[in-house]
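Lettering follows sequence order; numbering is per chain, from 1. Below, all heavy atoms of this structure are taken into account, side chains as well, without hydrogens, waters or symmetry copies.
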2 protein chains.
Amino acid sequence: MIQTDVSGLHQGSAMLDAPGADALTDRPAGFPAVDIRIALFSVENGALRVALVRHGSGYGLPRGVPRATVNLDAEARRILRDDTGHIDQYVEQLYTLGVDSERTWTVVISYLALVAPDGPGIDAGGCEWRLVAEPPLTEADQMVLDYALLRLRAKIGYTTIAFRLLPPMFTLRELQDAYEAILGHPVDKRNFRRRVAAAAPIEATGERRRDGSHRPAELYRYHGDRSTETYLTPPWAADAERG
Amino acid sequence: MIQTDVSGLHQGSAMLDAPGADALTDRPAGFPAVDIRIALFSVENGALRVALVRHGSGYGLPRGVPRATVNLDAEARRILRDDTGHIDQYVEQLYTLGVDSERTWTVVISYLALVAPDGPGIDAGGCEWRLVAEPPLTEADQMVLDYALLRLRAKIGYTTIAFRLLPPMFTLRELQDAYEAILGHPVDKRNFRRRVAAAAPIEATGERRRDGSHRPAELYRYHGDRSTETYLTPPWAADAERG
DNA sequence: GCAAAAGTGTTTGACATACACCCATGT
DNA sequence: ACATGGGTGTATGTCAAACACTTTTGC
């Protein structure tokens with residue numbers, strides 16, 4: 001099994017160019033503006049989507065200015081709630097980059113967040129859900145999105161964060177759909193179920209869901225500790241990482 | 001193989017408490033002080049050490065204020081060079097945390113860095129090399145150090161960053177010593193060599209090194225692409241991660 | 001009875017682990 | 001000749017991958 005370095009972005013090769021680098025000198029060293037920027041994902045019937053919010057003329061990732069606290073993760077959650085109306089099921093800091101935008105030097109702390117689809121559509125707050133391939137974004141937003149996707153694809157392979165994308169009760173097919181949407185390729189049903197059963201704390205509820213002219217699916221519940229996202233299934237991710 | 005989530009620190013449970021949280025309100029939101037803090041490691045004959053520099057009364061991790069640039073990694077390198085006199089062989093951003101120190105809200109961007117031992121001692125600049133267990137540090141420095149160690153231990157298992165701790169020519173025993181120093185437990189010599197040979201781009205130089213009353217060791221050179229740190233040897237790391 | 005998705009086992013290959021002896025040198 | 005670290009191969013088990021058919025329901 002070969003894995004490429006998921007943290008490759010840190011190496012600087014993918015860093016933003018500084019088109020107006022002279023403007024950067026305007027602000028005193030050590031006191032840049034700081035903002036938090038979040039790639040919020042959800043899976044809506046088999047498709048992975050990112051949340052975008054209106055920013056002046058166009059759309060961009062949800063973002064905001066942190067208040068003076070020691071807990072940046074909590075600030076990310078607050079900003080997400082204020083900006084999109086969604087309550088995250090999972091938040092993880094990604095990395096921090098310098099950005100030169102509108103003549104201001106800004107330090108952007110980027111986050112990955114996940115929500116389960118809530119209710120009929122997943123359009124609660126004032127945000128749009130776009131397919132991850134689609135949107136033309138600013139350079140910085142695009143970087144954050146790309147890296148968030150990379151991390152999500154890698155991490156779904158060895159943690160249980162995928163359950164954060166599903167409602168409390170779900171079918172194994174829905175879980176598999178989430179994996180396939182994120183990885184971008186199909187996975188084997190039998191191997192998938194075996195591994196999930198072995199590695200993730202899920203239990204069959206006994207209830208079934210009928211939704212077509214076919215055998216109904218068993219509903220499962222996830223019983224994982226929220227703080228210890230545990231190991232799950234590396235090997236499928238390898239394909240996605242190689243790409 | 002079970003792996004725990006190496007990024008667990010992001011989940012907030014290990015975040016700093018805010019003992020003087022009222023002081024945080026002094027500074028306007030979005031314009032905290034920003035500083036870069038670096039856990040710089042080296043292996044000195046079989047022992048893993050961290051670089052500390054003098055900060056007023058005591059010692060702490062190398063740190064500094066970034067200049068207004070888009071490339072924070074480059075700033076980390078510069079600060080490291082200025083503060084310790086060492087030129088890093090490897091730098092990787094870890095995570096960013098809020099710190100309340102000396103009545104100032106500071107956003108600390110933390111880094112992991114590695115250097116090869118240079119020359120007879122590894123004491124070039126104005127820094128001290130301490131064993132990783134030893135030093136009493138500030139809460140923030142300790143967090144950065146702990147997390148850097150966690151990442152280093154995990155990452156040494158599936159990348160080739162260990163070569164960044166060695167001089168250009170090295171024996172396989174030296175490489176193994178570096179692994180054992182970082183992981184904190186011995187590894188099997190034959191399995192180690194097999195895996196290194198299979199997974200890492202190294203070549204025997206044909207030269208030998210005589211250093212005792214025993215058979216001389218073959219010297220090897222590492223031929224890896226600096227930007228693509230490739231896969232190497234997961235399984236030993238699992239032990240360290242479980243701890 | 002047929003279409004449509006749910007559910008279920010076995011075989012095979014790859015790879016990690018454990019483990020013990022001979023080799024080259026200096027004294 | 002002996003002490004010291006350098007260097008090498010095999011046997012075993014675990015685990016992921018590939019793969020096809022039966023079951024239950026709605027129409």
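Between the CZ atom of A:Arg195 and the P atom of C:dT8 there is a distance of 18 Å, rounded to whole Å. For the pair A:Lys189 NZ and C:dA6 P, the interatomic distance rounds to 6 Å; values are reported in whole Å. Atom CZ in A:Phe192 sits about 13 Å away from atom P in D:dA17, given to the nearest Å. The distance between atom CG of B:Asn191 and atom P of C:dA20, rounded to the nearest whole Å, is 13 Å. Look at CD on B:Glu174: it is 11 Å from P on D:dG7, rounded to the nearest Å. C:dG7 atom C1' lies 12 Å from atom CD of A:Gln176, rounded to whole Å.
Between B:Tyr220 and A:Arg190, it is B:Tyr220 whose nearest contact on DNA chain D lies nearer the 5' terminus.
Comment: A:Arg173 does not engage A:Glu218 in a salt bridge, judged by the lack of any side-chain N to carboxylate O separation of less than 4.0 angstrom. Checked for salt-bridge contact, A:Glu92 and A:Lys155 meet the test: a charged N lies under 4.0 Å from a carboxylate O. Note on A:Arg63 versus A:Asp83: no salt bridge recorded, every NZ/NE/NH1/NH2 to OD/OE distance being 4.0 Å or above.
In the displayed structure, B:Arg210 atom CZ is contacted under 6.0 Å by at most 12 heavy atoms of other residues, nucleotides or ligands.
The six-membered or imidazole ring of A:Phe163 lies near that of A:Phe170, with a centre-to-centre distance under 6.0 Å.
B:Gln176 places a side-chain N or O within 3.5 Å of a backbone atom of B:Val187 that can act as its donor or acceptor partner.
Which of D:dG9, D:dA18, C:dA16 sits closest to the side chain of B:Arg194 comes down to D:dG9. The side chain of B:Arg193 lies closest to D:dT8, out of D:dT8, D:dG9, C:dG7. Checked against C:dA6, C:dC19, D:dG6, the side chain of B:Asp188 finds its nearest nucleotide in C:dC19.
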Across nucleotides 22-27 of chain D, 5' to 3', mark each nucleotide with B, S or - according to how protein heavy atoms within less than 4.0 Å reach it. -BBBB-

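Relative to the ring axis of A:Tyr59, A:Arg130 places its NZ or CZ within 45° and under 6.0 Å from the centre.
For D:dG5, the OP1/OP2 oxygens have no side-chain nitrogen or oxygen of B:Arg173 closer than 4.0 Å.
If you check distances only, the side chain of A:Asp211 never reaches the base of C:dA5 with a donor-acceptor pair under 3.5 Å.
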